[in-house]
There are 2 protein chains.
Amino acid sequence: MARRSEHTQEQIREMVLHAAETIVIEDGFHALTVRKIAMDIGYTVGSIYMVFANMDDLIMHIKARTLDELAERLLHAKADSVEQHIQALADAYLAFAHQHFNRWRMIFDAQHDAPVPEWYQQKIQQVFLIVEAAFRKLCPGQSDEQARLAATALWSGVHGVCVLSLNGSLGRVGSENAQVTVNTLVKSFIQGWRA
Amino acid sequence: MARRSEHTQEQIREMVLHAAETIVIEDGFHALTVRKIAMDIGYTVGSIYMVFANMDDLIMHIKARTLDELAERLLHAKADSVEQHIQALADAYLAFAHQHFNRWRMIFDAQHDAPVPEWYQQKIQQVFLIVEAAFRKLCPGQSDEQARLAATALWSGVHGVCVLSLNGSLGRVGSENAQVTVNTLVKSFIQGWRA
DNA sequence: ACCTGAACACCGTTCAAGT
DNA sequence: ACCTGAACACCGTTCAAGT
C-alpha cells in the first residue's frame, strides 16, 4: 500500500479544501467530517492529516477563503455618493450572506478554543478596513477614532441584521425584508451620526 | 437492576436541565454530552431519553430558559425618558450577553435542522416584543409597522455588536468598548430615525 | 414502570506498517 | 517519503433485559 504519488501535497491540499467547501455548501457545516472528505477525494483519513494539522486548521482555512471572496465582493461595490457607497457595501454584505449562507454562517459559528492565528485575524481586518475607509470619507472632518467607532457600530449592526434575518430568529422574515431592515439601519444611522 | 424510583420524572428532568446548564456555563456548549450529564446526576445515558426526546430537545429547553431569564432582565430595565429606556434595554442586553456568555452564545450557535417548535418561537418573540413596545412609545405618531421595522433594525444591530465584540471578531475590543459601540449605535439610530 | 448497560453506527486523531 | 488502515477514545441513540 501507499506511496501513490498521483498528486503533489499542494494538489491534495487543494482537493481537500475544495471537497470540504462543497460539503459545507451542500449539506452545511455540521455535515463536514474527515471521513467524508477522504471518501470524496479518494484518499483515506490519514492523508488529510498530511496537509492539515487537524480539523480546526482545515476549518480556519475554509473560513479564510470565504473571507477573501467576501472582501473581493465588497471591493467591487461602487456608487456615486459616499452614503450610497456605504449602502452598497451593506447590500453586498447581505447578498453574500444570503447567497453563500452555509459558508458565511460557518465564519461565525465555529468556536475554536484554540487561539485564533494571526494570519486569520488579518483576513477579518481586511473586511472591516473596507468599511472603515468608506466612513472616513463620509465625515472627513472627524478623527480616525471616530470613524472607526462609527464603522464598527454600523457594521456590527448590519451583521446583526444578516444573522437574525437569515437564521429565522426574526420570525418569518424573508430576505427581501432583510434588505429593507438593512437599508433602514444604514440610513437612520448615517443621518443620526452626521447630526 | 433498575426501578430505583428515587426521583420523579419531573425531578430527573430538572436535574438534567440543571446539570446541562452548569456544563455549558463552565465549559461551553461543545462540552455538553449526554454521557457527562448522566454521570453528573448519577444516572445512565438511557435515563436522559426518558425525559427528553433527544439532545436537540434538551438544548432547546436550555435555550428557552436562558431566553426567559433574559426577558425578565429586560423587563426590569427602567429609565426616565423613552430614549433612555431603549438605551437601558440595550445596556441590559449587552450585560446579559457578557455575564452569561456561554449560555447566550448557545442561543444563536446551535443549528437544528429540525423545525423550530412553536413554543420556542414564542420565547424569542417575547424578547423582541419588549423592544417593540419601547419603540411604539418613542414615535407615537407612526404606524405599528414602522415601529416594528425600527425595533427590528436597531435590535438586530445591538445584537450584532454583542456578537462581534464578545467573540473577538472586532479585534482586541474589550467589553467596555462594546458598551461605547452599543451606545453609539442606539443614539445615532434614534436620532436619525426621528428626523 | 423505571432504569440499566451493552450494542450500534458514528466521530477526530494517531501511528506502525507497508511500498 | 507517501499513504494506508487499523486502533483508540470518544460521540448520540436505541432497546432487550432485569427488578
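Order of the sequence lines sets the chain letters (A, B, ...), proteins ahead of strands, with each chain counted from 1.
For A:H7, the NE2 atom sits in a packed shell: over 12 heavy atoms of surrounding residues, nucleotides or ligands are nearer than 6.0 Å. Counting non-hydrogen atoms of neighbouring residues, nucleotides and ligands closer than 6.0 angstrom, the CD atom of A:E6 exceeds 12 such neighbours. For CE of B:M39, the number of neighbouring non-hydrogen atoms (other residues, nucleotides, ligands) closer than 6.0 Å is 12 at most.
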Candidate pair B:F108 and B:H159, rule ring pair (Phe, Tyr, Trp, His ring centres under 6.0 Å), full reasoning: CA-CA 11 Å; B:F108 307 96; B:H159 173 70; 4.2 Å; yes
Test side-chain contact (heavy atoms from CB on, under 4.5 Å) applied to B:N102 and B:M106, step by step: CA-CA 6 Å; B:N102 280 339; B:M106 185 179 165; over 6 Å; no
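Nucleic acid contact class of A:I12 (heavy atoms, under 4.0 Å, all strands): sugar-phosphate only.
Geometric assessment of B:R13 against the ring of B:F52 yields a positive cation-pi assignment under the 6.0 Å and 45° thresholds.
If you check the side chains of B:H100 and B:R103, you find a donor sitting under 3.5 Å from an acceptor.
Within the structure, a side-chain polar atom (N or O) of A:S47 is placed less than 4.0 Å from OP1 or OP2 of D:dT4. Using a 4.0 Å cut-off, some side-chain N or O of B:Y43 falls inside it from OP1 or OP2 of C:dC3. For C:dC3, one of the phosphate oxygens OP1 or OP2 lies less than 4.0 angstrom from a side-chain nitrogen or oxygen of B:Q9.
You'll find the ring centres of B:W155 and B:F135 outside the 6.0 Å limit.
Remark: C1' of C:dA1 and CD of B:E6 are 15 Å apart, rounded to the nearest angstrom. Rounded to whole Å, atom P of C:dC3 lies 12 Å from atom CD1 of B:I48.
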Can you give the dot-bracket line for DNA chain C, where a pair is Watson-Crick or G-U wobble with both atom distances under 3.5 Å, crossing pairs use [ ], and | marks a partner on another strand? ||.|||||...|||||.||
Treating primed atoms plus P, OP1 and OP2 as sugar-phosphate and everything else as base, which nucleotides of nucleotides 7-14 of chain D get B, S or - for protein heavy atoms under 4.0 Å? B---BBBB
